[in-house]
Amino acid sequence: MSNVSIADDGQRADLLRPALVLAALGVVFGDIGTSPLYAFRESLRAAGGVSHDTVLGLLSLIFWAITLVVSIKYVSLVLLADNDGEGGILALLAGVLRQVPRDSRFRHAAILAGLAGAAMFYGDSVITPAISVLSAVEGLEVVSPQFKSLVIPLTLAILVALFSAQRLGTASMGRWFGPVMLLWFGSLALLGLLHIARNPQVLQALVPLHAIAFAVENPQLLLAVLGAVFLAVTGGEALYADLGHFGRRPIRLAWFWIVMPALALNYFGQGALVLADPKAVENPFFLLAPELLQLPLVVLAAAATVIASQAVISGAFSLTAQAVRLGYIPRMDVRFTSKTSAGQIYVPLINWALLAVVIALVLAFGSSSELAAAYGIAVSTTMVITTLGAMLIAARRWGWTPGRAWLVCGPLLLLDVAFTIANLTKVNDGGWFPLAFGGVLMLVFVTWMRGRELLGAALTRTGLQMQPFLHSLSTYPPQRVDGTAVFMTPTVDMIPHSLLHNLKHNRVLHERVLFLTAESDHAPHVAPEAMVQLRDLGDGCWYARVRLGFQDAHEIDAIARNLGRYHDFDLVPAETSFFLSRQTVLVSNGKGMAPWRKRMFGWLMRNAQPASDFFHIPPNRVIEIGTQVTL
């Protein structure tokens with residue numbers, strides 16, 4: 001019987017794998033898959049002209065950058081550094097923190113590095129839609145110069161439509177993403193092959209000696225060229241970020257069998273084209289196609305860039321949800337757009353903020369070439385942090401010796417650093433924007449985290465310990481009323497201020513009282529049987545400590561089901577009174593944080609989503625009590 005079951009499972013896996021590979025094409029590879037629209041063009045412009053040696057050198061640099069950064073680092077190494085199957089910069093940070101003792105000095109540095117990577121990912125999330133859609137629509141200029149005046153309006157119209165559709169979810173559109181991207185990669189490969197067949201000498205660039213020769217002969221151009229070549233690997237981080245949705249095998253199959261061959265053929269085809277016709281340097285991608293097919297190619301490119309933009313927008317939503325649950329940013333409205341997939345979410349605040357910034361970028365820069373100067377710094381910085389995190393995982397979790405970790409990851413780290421330095425040369429030309437954007441977000445992250453630390457310390461100083469309170473219940477029992485009351489408290493073993501204020505003003509206590517503390521774990525999921533620790537405090541009082549993974553649903557109904565299933569504690573949210581504290585921050589000149597940052601923290605507190613909404617507590621069962629806390 002077991003043999004039949006195993007065989008059936010294997011057959012189902014074999015049937016499912018092509019579907020997952022097709023789905024991965026539509027979600028994972030949109031960003032890197034649209035890089036041929038501008039990467040080779042910008043590399044030629046950075047090199048300053050077209051010559052046989054220049055073209056072969058650039059093609060060799062692009063091919064080996066893709067091979068080393070994407071194929072070797074991400075696909076072969078980083079995908080192994082998962083956090084219980086989840087990927088992405090915050091999942092990696094959580095995985096690193098699971099390997100580091102809580103009292104380690106390295107822990108704080110690791111958190112700051114991970115948050116810096118997250119901030120830079122948001123920078124990528126605004127630049128990718130702008131440069132991708134703009135570069136696709138610019139293909140209209142190749143079809144006819146008369147269309148030039150339509151490029152900016154049409155780009156903005158596509159972007160507004162894309163962001164406006166986010167509230168509907170990606171389920172209905174998502175089924176088309178895979179087939180469209182399969183058609184896209186097929187077109188990339190076919191267009192490239194046609195021109196390689198006419199000028200096969202470009203295949204000499206597969207030999208890395210051409211890349212080395214270009215670097216040796218053009219040292220004064222090397223940093224500028226590397227900054228442009230890096231555009232060919234932007235999107236590599238998405239392979240890791242979407243690990244939890246598809247798993248390693250479908251991503252690897254899609255990359256090695258479809259995506260990388262198509263990208264390589266297209267880049268080499270563009271090289272063959274400009275060698276045959278140097279005037280094609282203006283837009284070698286669209287000029288690959290015969291004149292009759294250029295307009296359909298523009299339409300297909302626009303569809304591919306919309307899909308690429310959708311991938312980073314969805315990634316920003318997922319990153320936000322993780323950051324909220326890990327406590328790195330204030331709570332905000334996160335809406336689920338699918339009844340069957342927890343990964344399909346919509347965050348209104350992030351959506352409209354991204355749209356506003358993307359529109360500003362398109363209007364300010366005006367062309368994909370100008371935007372290319374701003375693109376790369378955010379991604380390369382995130383890649384450096386990812387490599388460092390993978391090195392630590394290799395040493396702490398995989399048991400690698402320091403020598404082996406440096407031998408394998410050291411060269412990849414040096415390559416990441418080289419690309420970062422190259423991209424820093426673009427700061428004055430627009431590269432300042434992702435740095436400034438990431439800096440503002442980093443300020444929000446560290447201010448929120450530090451503010452929560454100060455708030456917790458202030459509440460502890462002015463609060464009442466659990467044991468003295470329980471003792472007072474026996475000595476001076478208050479009047480008890482029927483029903484169950486839940487007092488949510490962020491501090492373990494401290495009586496929440498909401499209970500003290502309730503006793504002070506109402507002079508009653510419910511027959512059954514549950515103190516509830518919800519904490520986010522650094523694992524994506526916590527086993528249901530280990531999710532809740534329940535302790536009987538006596539006198540009708542209970543304490544529940546709830547551990548939730550950063551991918552688990554933070555809902556009171558799920559917590560109530562767990563209490564009933566594993567602890568025989570009957571909690572019906574619709575029949576329970578929930579007492580919540582809402583703190584108002586008063587600013588002092590005391591130590592801990594500058595007064596202007598304390599005011600910023602207070603503003604974040606006031607605008608954070610209420611805990612009742614975050615935990616999906618029935619609105620008519622919530623009693624919110626305000627308290628003032630001086631920081």
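All values derive from a computational prediction rather than experimental measurement.
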Is the shortest heavy-atom distance from the side chain of [X] to the side chain of [Y] under 4.5 Å?
| X | Y | result |
| --- | --- | --- |
| Arg621 | Ser577 | yes |
| Pro528 | Asn562 | yes |
| Thr517 | Val546 | no |
| Ile393 | Val96 | yes |
| Leu156 | Val362 | yes |
| Met605 | Pro330 | no |
| Leu548 | His525 | no |
| Leu534 | Tyr566 | no |

Please report the closest heavy-atom contact between [X] and [Y], naming both atoms and the distance.
| X | Y | answer |
| --- | --- | --- |
| Ser612 | Val622 | CB-CG2, 3.7 Å |
| Ile556 | Pro618 | CG2-CD, 4.4 Å |
| Asp333 | Gln609 | CA-NE2, 3.6 Å |
| Val324 | Met332 | CG2-CG, 4.1 Å |
| Ser309 | Leu162 | CB-CD2, 3.5 Å |
| Asp557 | Pro573 | OD1-CG, 3.4 Å |

Proximity of [X] and [Y] rings by center, below 6.0 Å:
| X | Y | value |
| --- | --- | --- |
| Tyr543 | Phe515 | no |
| Phe569 | Trp542 | yes |
| Phe601 | Trp448 | yes |

Taking the six-membered ring for Trp, are Phe419 and Phe230 parallel (under 30°), tilted (30 to 60°) or perpendicular (over 60°)?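 Geometry flag for Phe230 against Phe419: tilted rings.
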Classify the ring geometry of Phe445 against Tyr122: parallel below 30°, tilted from 30° to 60°, perpendicular beyond 60°.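 Correct class here is tilted.
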To the nearest 0.5 Å, what is the distance between [atom1] on [X] and [atom2] on [Y]?
| X | Y | atom1 | atom2 | answer |
| --- | --- | --- | --- | --- |
| Leu412 | Leu77 | CG | CG | 7.0 Å |
| Leu499 | Phe487 | CG | CZ | 4.0 Å |
| Leu231 | Ser35 | CG | OG | 7.0 Å |
| Tyr240 | Leu80 | OH | CG | 10.0 Å |
| Leu435 | Ile377 | CG | CD1 | 4.5 Å |

Can you check side chain to side chain contact (heavy atoms under 4.5 Å, CB included) on Val312 and Asp31, steps first, answer last? CA-CA 8 Å; Val312 295; Asp31 192 355; 4.1 Å; yes
Set of residues satisfying side-chain hydrogen bond (donor to acceptor under 3.5 Å, both in side chains) with respect to Thr387, sequence neighbours excluded: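 Once residues adjacent in sequence are excluded, the partners of Thr387 under the side-chain hydrogen bond (donor to acceptor under 3.5 Å, both in side chains) criterion are Lys73, Asp416.
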Begin with the C-alpha distance, continue with both residues' side-chain angles, and end with the deciding distance and a verdict on side-chain hydrogen bond (donor to acceptor under 3.5 Å, both in side chains) for Thr447 and Arg597. CA-CA 6 Å; Thr447 298; Arg597 288 184 63 196; 3.2 Å; yes
Pick from Val357, Asn351, Ile350: which one makes a side chain to side chain contact (heavy atoms under 4.5 Å, CB included) with Leu354?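 Single side chain to side chain contact (heavy atoms under 4.5 Å, CB included) partner of Leu354 among Val357, Asn351, Ile350: Ile350.
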Check the side chains of Arg512 and Thr484 for a donor-acceptor pair under 3.5 angstrom, ignoring hydrogens and angles.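 Yes, because at least one side-chain N or O of Thr484 sits under 3.5 Å from a partner of the opposite role on Arg512.
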Please list, chain by chain and in numerical order, all residues satisfying salt bridge (Lys or Arg N to Asp or Glu O under 4.0 Å) with Arg450, sequence neighbours excluded.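 Only Glu453 meet the salt bridge (Lys or Arg N to Asp or Glu O under 4.0 Å) criterion with Arg450.
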